[in-house]
Amino acid sequence: MDAPLLEIRGVKKYYPVKKVRGGEDIAVKAVDDIDLVVNQGEIVGLVGESGCGKSTLGKSILKLHDITGGQILFHGEDITHYNENKMRPLRKKIQIIFQDPYASLNPKKKVEQLVAAPLEVEGKYSKEEKRQKVVDILKEVGLSEKYLEKFPHEMSGGQRQRVVIARALINDPELVICDEPVSALDVSVRSQVLNLLKDLQKKRGLTYIFISHDLSVVEYLCDRVAVMYLGRIVELADKKELYGNPLHPYTQALLSAIPVPDIHKKRAEIILQGEIPSPLHPPKGCLFSTRCPKVCDRCREARPELHSLPGADGSTRQVACFLYESGIAQEK
């Protein structure tokens, strides 16, 4: 079997917070001991409530900020402590698509300049070659040559996001971090952009890490899904396994909230009680223990670790819950 494209081993990202009046220093554990393997050509979804750490994990993979602990391996190469000079050759292999296309585009530059920016860093193309590459990639994302002279404010949100996608792909990356790429778009154009991302992934053999809080979008696009809660992965499984038989109580609650398009069908919605704990003062035991409908005394004292379980189709899934500690899922 080929080596995985990306391996994340025990990655942590803490943000230190100093208490006033000489108090003890504490930290926000935005990402806390994450293990994840991403294979070439697959789409892995990261889901969870706002503030669970999924975007921080995506930016940590791209090394937009240094991690507190753990390892990041790309093609088996440890890039954890690479400085900017060492990361520069890898930048064209790992790209990111941000949530807000307007905020991620310089409003003073035209589309041709924006999309050609990664080629400028390469410094090996003539002016004519750069222009032709920009024209080609724009056509690939569904924009004609007339958009070369447009500024971001002259385009719709969907068109701007296509420009962002074109810029991310112009250097032929292998891994693309999609940080909620359709959440800022009108509902009418979301499906168009999602279909574009899916088509490009198949055509180019791309690997996506798709970050979203929209579980319907993740079900449509992704192959495997990791569910995050307060900086940790609580469940990881193939899409069919996760949506067909969610194991963790938090996953069950998330999926129960997905709207059902048929008004004659009803889904038993799980209403979680209480608020998400402060990341400055997380619960002692299981992070979900303060909201879990199946909590027991052990959950309040000890923190469950991810462990593997056999899936229905012979695959392996992982869950961090004492209900499944024996290796055999109990009846929900």
Side-chain angles (χ1 to χ4, degrees), residues 43-52 54-56 58-59 62 95-115 117 134-170 173 176-204 206 208-223 225 227-228 239 243 254-263 265 267 269:
I43 306 177
V44 176
L46 288 179
V47 302
E49 295 168 292
S50 296
C52 70
K54 53 189 186 293
S55 291
T56 301
K59 292 173 183 176
L62 200 63
Q95 284 292 318
I96 187 168
I97 300 170
F98 290 105
Q99 176 178 353
D100 186 351
Y102 193 72
S104 59
L105 295 174
N106 188 332
K108 296 182 180 180
K109 291 188 176 183
K110 296 179 180 180
V111 167
E112 182 177 1
Q113 296 170 292
L114 293 166
V115 178
V134 171
V135 170
D136 292 342
I137 195 66
L138 285 179
K139 288 181 180 178
E140 199 170 344
V141 300
L143 296 176
S144 65
E145 194 170 340
K146 70 179 183 181
Y147 286 91
L148 288 172
E149 299 301 314
K150 287 185 178 290
F151 290 95
H153 72 271
E154 297 177 309
M155 296 181 291
S156 68
Q159 291 166 346
R160 286 195 288 264
Q161 193 63 295
R162 289 172 188 267
V163 171
V164 173
I165 294 170
R167 182 178 61 182
L169 299 185
I170 197 167
V176 181
I177 313 292
C178 303
D179 190 1
E180 304 204 37
V182 297
S183 62
L185 304 179
D186 294 338
V187 175
S188 58
V189 299
R190 286 185 185 181
S191 59
Q192 298 174 20
V193 174
L194 284 172
N195 287 331
L196 172 64
L197 288 171
K198 198 166 190 175
D199 291 343
L200 289 169
Q201 188 265 341
K202 290 180 180 178
K203 178 182 177 181
R204 290 171 164 259
L206 294 169
Y208 290 158
I209 293 180
F210 192 87
I211 299 167
S212 180
H213 61 268
D214 190 329
L215 292 164
S216 299
V217 168
V218 170
E219 183 180 15
Y220 170 71
L221 194 69
C222 298
D223 302 311
V225 184
V227 181
M228 291 187 66
K239 173 178 61 179
Y243 283 81
L254 286 180
L255 295 182
S256 76
I258 299 177
V260 179
D262 189 344
I263 61 173
K265 290 184 179 180
R267 175 183 284 150
E269 187 173 355

Which atom pairs, donor and acceptor, lie under 3.5 Å between side-chain atoms of residues 193-200 and protein residues at least two apart or in another chain?
from, atom 1, to, atom 2, distance (Å)
N195, OD1, Y220, OH, 2.3
N195, ND2, S191, O, 3.1
K198, NZ, Y220, O, 3.2

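Every residue two or more places apart in sequence or in another chain that forms a salt bridge (charged side-chain N to carboxylate O under 4.0 Å, His left out) with D214 is listed here: R190. For E145, the salt bridge (charged side-chain N to carboxylate O under 4.0 Å, His left out) test picks out no residue, with sequence neighbours left out. In this view, Q99 and S183 satisfy the side chain to side chain donor-acceptor pair (under 3.5 Å) rule, not counting sequence neighbours. Residues that satisfy the side chain to side chain donor-acceptor pair (under 3.5 Å) test with S216, not counting sequence neighbours, are absent from this structure. For A166, the side-chain contact (heavy atoms from CB on, under 4.5 Å) test picks out V115, I137, L138, V141, with sequence neighbours left out. Residues satisfying the side chain to side chain donor-acceptor pair (under 3.5 Å) criterion with Y147, sequence neighbours excluded, are Q159. Scored by the side chain to side chain donor-acceptor pair (under 3.5 Å) test, D179 finds S55 as partners (sequence neighbours excluded). With sequence neighbours left out, E219 forms a salt bridge (charged side-chain N to carboxylate O under 4.0 Å, His left out) with no residue at all. Residues meeting the salt bridge (charged side-chain N to carboxylate O under 4.0 Å, His left out) test with K203, sequence neighbours left out: E140.
Residue pairs meeting the salt bridge (charged side-chain N to carboxylate O under 4.0 Å, His left out) criterion with at least one member in residues 153-166: none, sequence neighbours excluded. Listed by first and then second residue, the salt bridge (charged side-chain N to carboxylate O under 4.0 Å, His left out) pairs involving residues 102-111 are K110-E149 (not counting sequence neighbours).
L206 has its side chain within reach of L169: a pair of non-hydrogen atoms, C-beta onward, lies under 4.5 Å apart. Within the 4.5 Å cutoff, the side chain of V225 has heavy atoms near those of the Y243 side chain.
With no hydrogens or angles considered, a side-chain donor-acceptor pair links E180 and H213 at under 3.5 Å.
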